[in-house]
Asker: 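Attaching a single structure in structure tokens format; questions to follow.
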Amino acid sequence: RQGVETLVKAISNPKLHSLGNLRLTLINNSPNINPLKQKRIEQLVWELGLDNITTFVPGLSREELATYHAAADVCVVPSHYNPSGMVAMDAMASGTPVIASNLGGLKYVVEHKKSGILFPAQNSFLLTKALAHLISEPQLRSQLGISARVRIEELFTWDVVARQLSEFYREQIEQQNLESLHQALRYSVRAVGA
């Protein structure tokens, strides 16, 4: 679901290596990753000759993760399934441009060519093109990072989300749409508990 194989295949393209000194950092913050999947990813990295530029990082605290995001030139979220877009939001909050699969919450969080780049999920060829574009254009990378941070501040802070939710509830009450209000309350309770 996380699409790490898509990223590893994209990074193995020799075209990228001719553009600069690449480093690939794979962060696993999932508490229940399948050890067989982890081994398969490590094997793929080795088979594609990327072991000398790849670092595997186990679970990090929120502070450590923010440091990694801020230090990165680009954060890639190549998910095959991603309902929330939280990883992209974390990177964008650090001012790091994101390249992400064009699906789920990611396509709402990342504005294509404004705060990052979207590509079709599982398409390592187009991911390679997006990476090459950002590697060879440091000014664009910087501009996308600034726009990413602004997007987070405008749409995804706790205050903004709370205000949007409050406005939605007020509209539903005014329209006496109690069924929609009840569904929204159930959803928000599930989201907060997640």
Side-chain angles (χ1 to χ4, degrees), residues 1-4 6-7 25-33 57-122 127 130 134 139-194:
R1 290 183 347 160
Q2 295 166 335
V4 177
T6 302
L7 173 59
T25 303
L26 297 174
I27 299 172
N28 173 20
N29 255 16
S30 176
N32 51 0
I33 190 165
V57 179
L60 299 172
S61 69
R62 300 277 308 151
E63 294 79 18
E64 291 169 323
L65 189 56
T67 301
Y68 273 85
H69 283 309
D73 290 320
V74 177
C75 175
V76 181
V77 187
S79 300
H80 299 175
Y81 170 79
N82 192 311
S84 71
M86 288 300 295
V87 172
M89 283 190 265
D90 286 345
M92 292 166 68
S94 296
T96 301
V98 173
I99 299 175
S101 299
N102 189 13
L103 51 73
L106 292 168
K107 66 183 178 184
Y108 176 67
V109 171
V110 178
E111 254 186 317
H112 184 56
K113 295 186 178 178
K114 292 183 181 174
S115 61
I117 296 176
L118 295 171
F119 74 98
Q122 302 183 46
L127 177 54
L134 287 189
Q139 189 171 7
L140 174 63
R141 207 170 51 236
S142 176
Q143 179 184 358
L144 290 176
I146 291 167
S147 296
R149 174 73 185 183
V150 168
R151 183 162 174 81
I152 292 300
E153 290 172 357
E154 289 178 350
L155 295 176
F156 299 108
T157 65
W158 284 111
D159 289 341
V160 170
V161 172
R163 187 171 46 254
Q164 290 171 346
L165 196 55
S166 177
E167 289 171 11
F168 173 78
Y169 290 152
R170 190 175 15 259
E171 288 172 11
Q172 295 305 309
I173 290 170
E174 288 171 5
Q175 296 171 6
Q176 295 184 347
N177 192 345
L178 298 179
E179 181 56 33
S180 288
L181 179 61
H182 182 68
Q183 288 176 350
L185 284 170
R186 279 194 310 232
Y187 177 76
S188 65
V189 167
R190 271 187 270 145
V192 169

Asker: Under the side chain to side chain contact (heavy atoms under 4.5 Å, CB included) rule, what do H112 and N102 come out as? Steps first, then yes or no, please.
Answerer: CA-CA 9 Å; H112 184 56; N102 189 13; over 6 Å; no
Asker: Rounded at 0.5 Å granularity, tell me how far CD in Q164 sits from CG in L155.
Answerer: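 Q164 CD to L155 CG: 6.5 Å, rounded to 0.5 Å.
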Asker: Going by the rule ring-ring contact (aromatic ring centres under 6.0 Å, His included), which residues pair with Y68 if we only count those two or more places apart in sequence or in a different chain?
Answerer: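 Result, ring-ring contact (aromatic ring centres under 6.0 Å, His included) vs Y68: none returned.
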Asker: For M89, run the side-chain contact (heavy atoms from CB on, under 4.5 Å) check against V109, V77, L106 and tell me which one passes.
Answerer: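 Between M89 and the candidates, side-chain contact (heavy atoms from CB on, under 4.5 Å) is satisfied uniquely by V109.
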Asker: Check whether any side-chain heavy atom of S115 lies under 4.5 Å from a side-chain heavy atom of V110, and answer yes or no.
Answerer: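 They are in contact (side-chain heavy atoms under 4.5 Å apart), so the answer is yes.
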Asker: What are the two closest heavy atoms between T96 and A148, and how far apart are they?
Answerer: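 Taking T96 first and A148 second, the nearest heavy atoms are O-CB, 4.1 Å.
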Asker: Which of these passes side-chain contact (heavy atoms from CB on, under 4.5 Å) with M92: E153, R149, R151, H69?
Answerer: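 For M92, the side-chain contact (heavy atoms from CB on, under 4.5 Å) test succeeds with only one of E153, R149, R151, H69, which is R151.
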Asker: Using modelled atom types and a 3.5 Å cut-off, is there a donor and acceptor pairing between side-chain atoms of S147 and backbone atoms of Q143?
Answerer: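 Looks like yes, one N/O pair under 3.5 Å.
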Asker: Within the structure provided, determine whether Q2 and L7 are in side-chain contact (heavy-atom separation under 4.5 Å).
Answerer: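 Sidechains of L7 and Q2: no contact.
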Asker: Roughly how far, to the nearest 0.5 Å, is the CG atom of L103 from the NE2 atom of H80?
Answerer: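 Going from the NE2 atom of H80 to the CG atom of L103 covers 9.0 Å.
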Asker: Answer whether the closest heavy-atom distance between the side chains of L134 and D73 falls below 4.5 Å.
Answerer: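 Side-chain contact under 4.5 Å: no.
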Asker: Heavy atoms only: give me the nearest A88-V98 pair and the separation to one decimal.
Answerer: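 So the minimum-distance heavy-atom pair works out to O-CG2, 3.8 Å.
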Asker: For S79, is there any backbone N or O sitting under 3.5 Å from a side-chain donor or acceptor partner on S101?
Answerer: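 Here the side-chain-to-backbone pair exists.
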Asker: Find the distance between CG (L127) and CD (Q122) and round it off to the nearest 0.5 Å.
Answerer: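 So the gap between those two atoms works out to 12.0 Å.
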Asker: Say you draw a straight line from CG of N28 to CG of L60; how long is it, rounded to the nearest 0.5 Å?
Answerer: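 The CG atom of L60 is 9.0 Å from CG of N28, to the nearest 0.5 Å.
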